Novice: 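One structure is given below, represented as structure tokens, and several questions about it will come after.
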Amino acid sequence: MRRAILGILLLLALAMPVSAMEFTAPEVPDSAQALMPAETESFGEGLWQVFKAAVAALQPDVAEAAGICLAVVGAVLLASLVKGMPGGSEVVVRLVCALSISGVLLSSTNAMVRLGTQTVTEMSEYGKLLWPVLAAALAAQGGATSSTALYAGTVAFDTLLCAVISRLLVPMVYIFLVLSVANSVTGEALLKQLRDFVRWLMVWALKTILYVFTGYIGITGVISGTADAATVKAARLTITGMVPVIGGIIADASETIIVGAGVMKSAVGVYGLIAVIAVCIAPFLQIGIQYLMLKAAAALCGIFGVPEASELIQDFSSAMGHVLAMTGSVCFLLLISTVCFMKGMG
């Protein structure tokens, strides 16, 4: 009797209509939708349109950053003139210079830190919507084991990275700036050592997580293939220079990204690949402009004979570099994990 019932159920299952599964990618965040082209048939053309839209939206931020840096340069120049006067107190000059620079830069720095934190959260949420869809698609094509490993590992690393950024690295950016201002005022060697230790700890935390993540991805063996050597070399040089702190790690995986970009293009279409890039590009450029402007201001102030002021501006630039590295690390995780899922689906 039991065999008869099982036979009937099996026949009913075989008689049921079968249709191909359709997987719809999650909606792109609003900030990225504003940069997406209406339609495009070329990846290069679409990427260029996204870049142009991001640069056009960046113009007010460039003007604001330039004005802030000019104010900082003016404050350092005034401090240099006061320091060169007869009877000018070096202690007073250091104090006034540090307070004026920090007063000008703290507001914009805080805005960039909040932007970086918001971007990290937005990209993480987008990834958590995208990865289950990709894992289900990969499992439906017979890659149940690899989809489980990729999904579990990616979500774990994303959760860990976002937790470390929000709960450890962002507060440490502010601690780093406080120690930098205190060191600029007093010139104490202990404060400088503490500042350097905080900077090292931030770099070590980001690099360790990304090294372990890239190692895990390598162990899964999902990504394979070769790319043109000249293309890989150019990508490594570009990425190393563009992304502070973690540029070398991303550059080491440049061949994987290049090969994977072609895979993504053929697997999800041009529009899907551009969507991933559009999520990351606007905040990255906005924080990057602040970083480069402060670098230039620090170099210019170095000729005024107030080394502590130039060092403080360089520290603010380093803080922006670390925020940029945090944003870039989550972008990298989102891109490379998506590439891995797409490679698994062929």
Side-chain angles (χ1 to χ4, degrees), residues 27-73 105 107-123 126 231 234-247 250-251 254 257-258 261 264-265 269-300 316-317 319-332 334-335 338:
E27 185 178 358
V28 180
D30 295 338
S31 58
Q33 285 183 0
L35 303 177
M36 296 288 292
E39 59 179 69
T40 180
E41 296 180 357
S42 168
F43 170 69
E45 178 185 350
L47 183 60
W48 176 243
Q49 292 180 18
V50 170
F51 180 76
K52 286 197 300 183
V55 170
L58 198 66
Q59 290 180 0
D61 299 295
V62 174
E64 182 181 356
I68 291 173
C69 290
L70 286 176
V72 170
V73 171
L105 293 181
S107 178
S108 61
T109 301
N110 183 54
M112 291 299 102
V113 172
R114 285 189 283 107
L115 175 63
T117 306
Q118 178 184 349
T119 303
V120 165
T121 302
E122 187 177 67
M123 287 189 292
Y126 178 69
T231 305
R236 285 180 177 174
L237 291 174
T238 302
I239 295 171
T240 302
M242 284 181 60
V243 188
V245 179
I246 61 167
I250 301 178
S254 56
I257 296 174
I258 292 169
M264 288 181 65
K265 181 177 178 181
V270 174
Y271 197 84
L273 179 56
I274 294 174
V276 175
I277 298 172
V279 173
C280 312
I281 189 170
F284 190 85
L285 288 177
Q286 190 173 351
I287 300 171
I289 286 295
Q290 293 278 351
Y291 171 73
L292 293 176
M293 287 286 190
L294 289 177
K295 280 281 188 182
L300 181 59
F316 273 92
S317 175
M320 288 295 95
H322 286 86
V323 175
L324 197 62
M326 296 173 202
T327 308
S329 63
V330 181
C331 288
F332 170 72
L334 175 61
L335 177 61
T338 305

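What you see is a predicted model; the values in this text were computed from it and never measured.
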Novice: Would T119 and L115 count as a side-chain contact (heavy atoms from CB on, under 4.5 Å) here? Give the steps.
Specialist: CA-CA 6 Å; T119 303; L115 175 63; 4.0 Å; yes
Novice: Roughly how far, to the nearest 0.5 Å, is NE2 of H322 from OG of S317?
Specialist: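 NE2 of H322 is found 10.5 Å from OG of S317.
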Novice: For V323 and G116, work out which heavy atoms get closest and say how close.
Specialist: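 Shortest heavy-atom separation between V323 and G116 comes out as CG1-CA, 4.1 Å.
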Novice: Could you list the residues that satisfy side-chain hydrogen bond (donor to acceptor under 3.5 Å, both in side chains) with Q286, not counting sequence neighbours?
Specialist: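 Only D61 meet the side-chain hydrogen bond (donor to acceptor under 3.5 Å, both in side chains) criterion with Q286.
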Novice: Roughly how far apart are T327 OG1 and I287 CD1, rounded to 0.5 Å?
Specialist: 4.0 Å
Novice: Quick one: list whatever passes side chain to side chain contact (heavy atoms under 4.5 Å, CB included) with L300, sequence neighbours left out.
Specialist: V73, I303
Novice: Evaluate V62 against M293 for side-chain contact (heavy atoms from CB on, under 4.5 Å), listing each step before the verdict.
Specialist: CA-CA 9 Å; V62 174; M293 287 286 190; 4.0 Å; yes
Novice: Indicate the atoms forming the closest heavy-atom contact of V120 with M326, along with that distance.
Specialist: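 Here V120 and M326 meet closest at CG2-O, 4.1 Å.
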Novice: Could you give the distance from CG (L294) to CZ (F316), rounded to the nearest 0.5 Å?
Specialist: 8.5 Å
Novice: Work out which heavy atom in L324 is nearest to a heavy atom in F284; give both atom names and the distance.
Specialist: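 Minimum heavy-atom contact is CD1-O, 3.4 Å.
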Novice: If the condition is side chain to side chain contact (heavy atoms under 4.5 Å, CB included), which residues does T117 pass it with, not counting sequence neighbours?
Specialist: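 Scan of T117 (side chain to side chain contact (heavy atoms under 4.5 Å, CB included), adjacent residues dropped) gives V113, V170.
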Novice: Supply the atom-to-atom distance I68 CD1 to S107 OG, rounded to the nearest 0.5 angstrom.
Specialist: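 Reported value, rounded in 0.5 Å steps: 7.0 Å.
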Novice: Heavy atoms only: give me the nearest P60-A57 pair and the separation to one decimal.
Specialist: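 That would be CD-O, 3.5 Å.
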Novice: Can you tell me how far apart CE (M320) and CD (Q290) are? Round to the nearest 0.5 Å.
Specialist: 7.0 Å
